[in-house]
Structures are given as structure tokens and as C-alpha cells.
2 protein chains.
Amino acid sequence: MPYDPSAFPPFAVTVDLVVLTVRRHSLCALAVRRGEPPFQGRWALPGGFVRADEDLAQAAARELAEETGLRVHDPAVPAQDNGAHLEQLATYGDPKRDPRMRVVSVAHLALAPDLPAPRAGGDASNARWAPVEELLQQGGYGRDGEPVAPLAFDHAQILSDGVERARSKIEYSSLATAFCPPEFTVGELRRVYEAVWGVALDPRNFHRKVTGTPGFLVPTGGTTTRQGGRPAQLFRAGGATLLNPPMLRPEV
Amino acid sequence: MPYDPSAFPPFAVTVDLVVLTVRRHSLCALAVRRGEPPFQGRWALPGGFVRADEDLAQAAARELAEETGLRVHDPAVPAQDNGAHLEQLATYGDPKRDPRMRVVSVAHLALAPDLPAPRAGGDASNARWAPVEELLQQGGYGRDGEPVAPLAFDHAQILSDGVERARSKIEYSSLATAFCPPEFTVGELRRVYEAVWGVALDPRNFHRKVTGTPGFLVPTGGTTTRQGGRPAQLFRAGGATLLNPPMLRPEV
DNA sequence: GTGTTTATCGTCAGGCAGACGACTATGATC
DNA sequence: GATCATAGTCGTCTGCCTGACGATAAACAC
């Protein structure tokens with residue numbers, strides 16, 4: 001089959017972002033309110049078109065910076081531990097997923113520490129951190145008693161896939177530290193696991209496990225009492241990215 | 001930002017396939033020879049354009065059927081165990097990955113049992129199963145002493161990602177059975193793990209492990225001596241998709 | 001029969017995880 | 001300042017799983 005530009009249909013390609021963080025002991029995702037049809041007024045995942053000269057990862061990083069101000073953590077610079085983790089999640093291309101035209105969306109997953117209030121085009125009322133269960137429940141009522149509309153497009157599916165990816169990935173990688181500030185305690189890390197998995201973990205076994213896994217945590221020497229109680233050692237993320245043996249998620 | 005069709009650049013969207021199988025104790029991938037520029041005469045992964053009314057998974061299944069005759073295993077029909085496993089792998093969208101135009105490729109990973117010779121457009125000389133190390137080595141010489149050219153486009157990267165996905169996924173899922181015929185012995189399954197991981201496994205511990213993992217294997221009652229030696233029990237894949245505890249890949 | 005090949009069952013020691021007790025060091029409360 | 005609540009850290013014990021074997025079984029080739 002020789003090259004023939006008319007032989008393939010044109011697509012629009014977008015990136016959508018599942019930006020996760022842990023706030024007040026619960027796993028939250030960034031949602032933006034749609035200002036135009038379709039799904040006007042509904043909540044959706046942030047995203048946008050990929051530009052003509054842009055890689056997919058670049059487009060995702062640009063959208064993330066536009067929505068949150070976050071820069072992406074560069075693995076080549078381990079000292080600079082600020083910035084979010086960003087990875088490709090999956091691609092969604094159902095012909096009917098966007099009623100306007102044929103859009104293929106390359107979803108990305110971003111993990112960030114707890115942030116100040118989000119901004120979306122400078123308008124704070126159009127962006128928020130919401131617990132993922134709240135965003136994923138269909139047609140119920142939110143914490144404030146307000147009725148909850150499902151996310152626009154297939155974004156509920158994308159969010160669900162992103163959450164599942166995060167839940168499984170913190171088992172065998174050190175990614176849970178991406179939810180933490182640059183310096184954190186074992187208890188803070190444990191609360192990340194508890195929030196993402198939605199389970200309670202034994203503090204003593206957790207402490208033994210993470211401090212015993214080589215390369216996971218490196219002590220900084222400092223301590224903190226910001227959680228109350230006895231002062232806790234501060235750690236930074238170690239160089240290891242893959243945990244061996246992995247963290248074990250308790251049975252349901 | 002109102003809807004404006006001129007606001008986004010048009011993309012071509014393709015699916016590329018990493019089709020893996022185990023032949024003669026080594027992990028092989030399907031490669032097709034390119035008949036036209038760019039990369040004319042070079043080996044590449046099979047793939048093609050996504051049609052206007054087609055889902056991404058449908059496009060991948062269609063390409064797989066065109067290249068191999070394989071149908072995709074439908075998880076809703078566990079009895080019909082023939083057919084390949086197919087899943088989305090990742091999406092590649094570097095602006096320069098295709099010199100002709102902006103192409104975003106949604107790569108898929110397919111796992112198949114050992115097959116008869118492949119066909120590509122009816123021409124067998126333009127398709128072959130090749131060991132993945134052979135396809136991935138850069139500028140060396142193949143088993144037959146012929147010089148090896150690297151795969152076209154970024155297909156070496158895609159193949160490498162697919163192999164890595166397969167290697168890690170058989171650790172915690174029952175996907176290794178997708179490389180086996182509908183009925184297989186523990187030894188055949190072990191040789192799959194050995195080929196995919198490139199390691200030797202202890203037959204006794206492997207046997208204990210897989211027969212002891214609930215839902216992994218169900219005995220069919222039959223036996224076979226097709227491997228020589230003492231007759232071995234035949235098994236089918238059990239309903240379990242996730243292995244708990246996982247298979248452990250030996251340290252390198 | 002003898003040797004070879006593959007399958008299968010057992011044994012044993014080391015390591016890790018879950019359950020949980022004990023102790024420590026803070027801040028809050030009276 | 002004594003007491004309490006909170007959170008962190010160190011140990012112990014037991015059961016299970018794994019890796020490293022030995023041993024036996026059942027076919028085929030000669």
C-alpha cells in the first residue's frame with residue numbers, strides 16, 4: 001500500500017491528566033469545570049490538544065504546569081525532589097467518546113504532594129481537588145449534600161484506570177514518595193499508603209518494612225513533630241525506584 | 001476556549017502490534033518487511049491506520065487477524081481458550097517518529113501460542129517470527145550470519161517495551177498460559193517462563209508453585225508424552241487472572 | 001535390561017510478614 | 001507539674017513461602 005494521504009482519516013489528539021494527591025487522609029484528583037459544551041458545567045479531567053510540534057509527554061507536562069503550576073520531576077536530577085511524577089497511563093479512542101469529532105486522548109497519570117489551591121485559567125472556582133470516590137460515584141450526593149453529576153466524556157473510566165494504576169504501582173515501586181513533600185516521616189508515608197489503598201496498616205510492621213527495604217528511604221538526620229506525638233525521623237526518597245520485595249497490599 | 005476545528009492539528013493514528021510467541025525455547029516476535037519507503041526493505045512491527053469508525057482495540061484486533069489469522073480471546077467466553085491475548089501497550093507520538101507526517105501510534109501487545117508460519121498479505125517471505133534479541137540487537141549479525149538492520153521507525157523501542165511488559169506481567173498474572181495451547185503440561189508452562197525471562201527454573205519448585213496457586217491451573221484428567229519422558233498431566237488455564245502470591249523472577 | 005529424559009513428591013533451613021507487646025518522647029489538659 | 005493522649009520505634013513469636021536439594025516414577029531408545 002503506497003503512501004496516500006487520503007488513505008487515513010484525520011484525528012484530533014489530546015492529553016488528559018489524572019492528577020492525584022493525598023489530602024486530609026484521602027486520595028484526591030484534580031477536576032476542572034467545563035465552560036463550554038459538550039458537558040458544559042460538568043466536572044472533567046484537565047487536558048487539551050497536543051500541539052503540532054510537541055511530544056505527548058511534553059504536552060502532558062505543559063498541561064500539568066498550566067493547571068497546577070507543578071513542574072515534572074526529572075529523574076536525571078535526583079537532588080531536585082520537588083515536582084510531580086508523570087507517566088503515560090493509557091489511550092482512549094472510542095469513536096463516540098467525543099460527540100464533536102474523532103478524538104483520541106492519551107491519558108497521563110501525575111502524582112503530586114499536597115498542594116495549595118488549584119488554579120484553572122486563573123479562576124479557582126473552576127478547579128478543585130475532590131476525593132476520587134466522590135468523582136467516581138454515579139449520581140449520588142457529595143459530602144456537602146449537593147447532587148453529583150458523573151464526570152464528562154469517558155473521564156470516569158480514565159480516572160478509575162489512573163487510580164488503579166497508582167494503587168498497584170505503589171506496591172512494587174517507590175512512587176508513594178511522590179505524594180510526599182521532599183522530607184517526610186515514616187508515618188506520613190504510611191498515611192499515603194493508607195489513603196491510596198483505603199486500608200489501615202500496622203504502624204510497627206510498616207516501619208520495619210520501609211526502613212528495611214534498601215534504597216527506599218534515606219534519613220536526613222532531622223526530626224519533626226508536625227504530626228504531634230513523639231518526634232519522628234525525617235527521610236528523603238532513596239534512589240531505588242523498584243521495591244524488592246514489594247509492599248504487600250492487605251487482602252480486602 | 002470555544003470549539004474551533006482549526007485550533008488543533010490533524011494527526012494520523014495507527015496501531016502497531018508487538019505479537020509475541022515462544023518457539024523453540026526462545027521468545028519471538030512477529031516482524032514484517034516493509035515494501036515501501038520510508039525504511040523500505042527493513043523489518044518492522046505489523047500495524048496500520050485506525051479506521052474512522054473503529055475503536056483502538058478493534059483496530060488492533062483487525063490488524064492481528066490480518067497478519068496472523070488469530071482471533072482475540074474473549075474473556076467473556078472462558079471455554080473458548082483459543083485465540084490470543086491482546087492489550088494496549090503504550091502510545092508513541094514523537095513528532096519526528098515518522099518522516100512523512102505526524103503519526104501517533106497506539107501500540108498493542110499480543111501473546112499467542114506457537115503458530116504455523118505467518119502470512120503478511122499472502123506473502124510469507126515478508127513476515128517472520130524472529131527471536132526478540134535478534135530484532136533488538138543493533139547492527140550485528142543474525143543467526144544465519146546475515147547482517148541485521150535495526151527495526152524501522154521507533155519499533156525497537158516499542159518491541160522492547162512490549163517484551164518488558166510481558167516479562168513483568170507473567171509474574172503476577174496468569175498470562176503465561178496465553179503462550180500455551182489450550183491444554184498444556186506444567187513443563188510446557190515452565191519452558192514459557194524460562195523463554196520469556198531467559199532464565200532456568202527449578203522444575204520441582206516450579207511444579208509445586210503453579211499447582212499450589214489456586215485458580216491458576218485446572219487438571220483436565222488427560223496426560224501426554226509429547227515432551228518425552230514420563231507422561232505429564234494436562235492442564236487448562238484456570239479462571240484466575242491475578243496470581244497471589246506472584247511468581248518470582250530470579251535475580252539476574 | 002540399561003540408560004536417558006521428564007514428571008512428581010518430599011524434606012529441610014532461611015527469610016519474611018502478620019499479630020502484637022513494650023517502651024519512648026512529645027504536646028495537651030487539668 | 002502530674003496525667004493523658006498521641007505518635008514513633010524496637011522486639012518477639014509464629015506460620016508460611018521459597019530456594020536448594022534428594023528421591024522416586026514412568027515413559028522411550030538402544
Side-chain angles (χ1 to χ4, degrees), chain A residues 22 24-25 170-172 180 183-195 197 199-236 240 242-252, chain B residues 24-25 170-172 180 183-195 197 199-235 240 242-252:
Chain A
V22 174
R24 282 179 278 109
H25 290 212
I170 64 173
E171 290 185 36
Y172 57 89
C180 295
E183 297 200 345
F184 52 89
T185 69
V186 172
E188 289 166 345
L189 184 63
R190 174 169 50 81
R191 280 180 281 274
V192 165
Y193 275 91
E194 292 179 332
W197 284 344
V199 297
L201 299 174
D202 185 289
R204 298 157 289 188
N205 293 336
F206 184 86
H207 188 277
R208 178 183 60 189
K209 183 66 190 279
V210 297
T211 55
T213 299
F216 195 5
L217 303 181
V218 285
T220 67
T223 62
T224 182
T225 64
R226 60 182 169 224
Q227 297 292 335
R230 171 176 164 179
Q233 273 189 86
L234 284 170
F235 294 87
R236 282 186 296 103
L242 254 50
L243 301 183
N244 208 323
M247 305 294 298
L248 293 186
R249 172 156 39 160
E251 311 285 323
V252 191
Chain B
R24 283 180 276 108
H25 291 212
I170 65 173
E171 289 184 38
Y172 58 88
C180 295
E183 297 201 346
F184 52 89
T185 69
V186 173
E188 290 166 345
L189 184 63
R190 175 169 49 82
R191 280 180 280 277
V192 164
Y193 274 92
E194 292 179 331
W197 284 345
V199 297
L201 299 174
D202 185 290
R204 298 157 290 188
N205 292 336
F206 184 86
H207 187 279
R208 177 184 60 190
K209 182 66 189 276
V210 296
T211 55
T213 299
F216 195 5
L217 302 180
V218 285
T220 66
T223 61
T224 183
T225 64
R226 62 182 168 223
Q227 297 291 336
R230 171 176 165 181
Q233 273 188 86
L234 284 170
F235 294 87
L242 255 50
L243 302 183
N244 208 328
M247 305 293 298
L248 292 186
R249 173 155 40 161
E251 309 286 321
V252 191

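Lettering follows sequence order; numbering is per chain, from 1. Heavy-atom basis, side chains included; hydrogens, waters and symmetry copies ignored.
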Taking C-beta and beyond as the side chain, do [X] and [Y] meet within less than 4.5 Å on heavy atoms?
X: B:Asp202; Y: B:Lys209; value: no
X: B:Tyr193; Y: B:Arg249; value: no
X: A:His25; Y: A:Glu194; value: no
X: A:Val192; Y: A:Ile170; value: no

What is the distance from [atom1] of [X] to [atom2] of [N], rounded to the nearest Å?
X: B:Phe206; N: D:dA20; atom1: CZ; atom2: P; value: 16 Å
X: B:Leu234; N: C:dA7; atom1: CG; atom2: C1'; value: 12 Å
X: B:Leu201; N: C:dA7; atom1: CG; atom2: C1'; value: 16 Å
X: A:Phe235; N: D:dG8; atom1: CZ; atom2: P; value: 11 Å
X: B:Asn244; N: D:dC16; atom1: CG; atom2: C1'; value: 13 Å
X: A:Gln233; N: C:dT26; atom1: CD; atom2: P; value: 13 Å

Selected nucleotide, minimal atom distance to A:Ala232 side chain, candidates C:dT8, D:dG8, C:dT6: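 For the A:Ala232 side chain, the nearest candidate turns out to be D:dG8.
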
How would nucleotides 11-21 of chain C be written as a contact map, 5' to 3', with B for base contact, S for sugar-phosphate-only contact and - for no contact, using protein heavy atoms under 4.0 Å? B-----BBBBB

What nucleic acid atoms does B:Arg191 come within less than 4.0 Å of, heavy atoms only: base, sugar-phosphate, or nothing?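 Answer is sugar-phosphate: B:Arg191 comes under 4.0 Å of backbone atoms only.
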
By the 4.0 Å heavy-atom rule, please label A:Arg190 as base, sugar-phosphate, or nothing.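 A:Arg190: backbone/sugar contact only, no base atoms under 4.0 Å.
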
Could you pull out the closest heavy-atom pair between B:Pro246 and B:Tyr172, with the gap in Å?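 B:Pro246 and B:Tyr172 have their closest heavy atoms at CB-CA, 4.0 Å.
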
With respect to the phosphate group of C:dT8, does any side-chain polar atom (N or O) of B:His207 fall under 4.0 Å of OP1 or OP2?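 Indeed, a polar side-chain atom of B:His207 lies that close.
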
Point-to-point distance, once rounded to the nearest 0.5 Å, from CG of B:Asn205 to CG of B:Leu248: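 Rounded to the nearest 0.5 Å, the CG-CG separation comes to 11.0 Å.
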
Mark yes or no for a side-chain to base donor-acceptor pair under 3.5 Å between B:Arg230 and C:dA7, with no hydrogen or angle criteria applied.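 Result: at least one qualifying N/O pair found.
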
Assess whether side chain to side chain contact (heavy atoms under 4.5 Å, CB included) is satisfied between B:Thr223 and B:Leu234, documenting all intermediate values. CA-CA 5 Å; B:Thr223 61; B:Leu234 284 170; 5.7 Å; no

